Amino acid sequence: MPPSRFEDWLKLDAAGLCCAPGGFHVDPVRPVERAIVTHGHSDHARPGHGAVLATPETIAIVKARLGPEAAGSFQALRYGEPIALGGVMVRLVPAGHILGSAQVVIEHKGQRAVISGDYKRRPDPTAVPFELVVCDLFVTEATFGLPVFRHEPDAREIGRLLASLAAFAERTHLVGAYGLGKTQRLIALLRTAGYDKPIWLHGALAGMCELYAQLGVDLGRLALVSDASTKLPGEIVLCPPSALQDRWTRRLTDPVTAFASGWMRVRARARQRGVELPLVISDHCDWPELVATIAQTGAEEVWVTHGREDALVHQIGLMGKRGRALALVGFEEEGE
Ligand SMILES: [Zn+2]
Ligand SMILES: [Zn+2]
């Protein structure tokens, strides 16, 4: 295949995707002079960069997780605000993945590239909806880049949790959820479904929920399991996935174990973790949403990053576009 015509201004180096005329990397996996960070998840936002450009919400999240000294300096850029960096124009637009998450739009010599970061298309009360940007080059994630991945409607999954709570009214319902994004979305979806009782939290989830509330995301009444005076029969408790099976659960009443994740589509994963009530709720696109988004961008060339790259690259070829697997190292399977 001949080299891509975008390679003279956007290419891979040891730190990740680099825009040389702009003098920055996007979500670099090792320390660089200047980084644009799409969102606060740990495989995208890493410590040690000279300067970080991100949305104000992402900066608040990064400082909370990694400390105020995580970068030499931080510069906030609101959604839609253009900024000139070196020889390119940059703006951040909503990615719909978690609070503050952004796609990076780069314009150079009449061409436009969009780097999606992680994204989803479904409504999420805790994140500004994904904004579609028509472009020449689209760099997409592929976390769920296999045709088998189809996420259920969120309301249906929340309905299953509430139905279980009604059926087993004496048992605690313990839901494992990733601490940044999924936890807050799950709470917001429960509120949307009309659940207005306090939602109980493992201590490890409390700080980020507080930060979301400070940033204007209403999560209703939350309480700490460590403050409970009972073993929480009939209550909903959220904990990090790692705490689902540990001793800590002894302070709950015969818990029904649930786990909210796109990976719960894979029954073997639910069994492995001893999950009785797998909830297929994801902050990433499923396969049909990935394919539809790629088509809608109109991009002639699509680069595929962290996830199941090969199947999606094949699909992109079938769509008459030029596809390329970036095979970036350093992106772990998201705790999603
Ligand atoms: Zn993410
Ligand atoms: Zn990711």
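Residues: numbered from 1 along the sequence shown. Atoms within each ligand, like the ligands themselves, are counted from 1 in listed order. Source: prediction; values computed, not measured.
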Backbone or side-chain N/O/S of H39 under 2.8 Å of the Zn ion (ligand 1):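 True for H39.
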
Presence of N, O or S from D43 under 2.8 Å of the Zn ion (ligand 1): no

Side chain to side chain contact (heavy atoms under 4.5 Å, CB included) partners for A270, two or more places apart: M264, V275, P278

Parallel, tilted or perpendicular: ring planes of H202 versus W248, cut at 30 and 60 degrees: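 Because their plane-to-plane angle lies in the 30° to 60° range, the rings of H202 and W248 count as tilted.
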
Near-ring test H49/H25, centroid separation under 6.0 angstrom: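 So the answer is no for these two rings.
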
Between Y178 and H41, ring centroids under 6.0 Å: yes

N, O or S from H284 under 2.8 Å to the Zn ion (ligand 2): no

Angle, OD2 of D118 through the Zn ion (ligand 1) to NE2 of H97 - 10° precision: 100°

Shortest-distance N/O/S atom, H41 versus the Zn ion (ligand 1):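 This turns out to be ND1.
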
Donor-acceptor side-chain pairing of S4 and R324 below 3.5 angstrom: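 The answer is no; no qualifying pair exists.
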
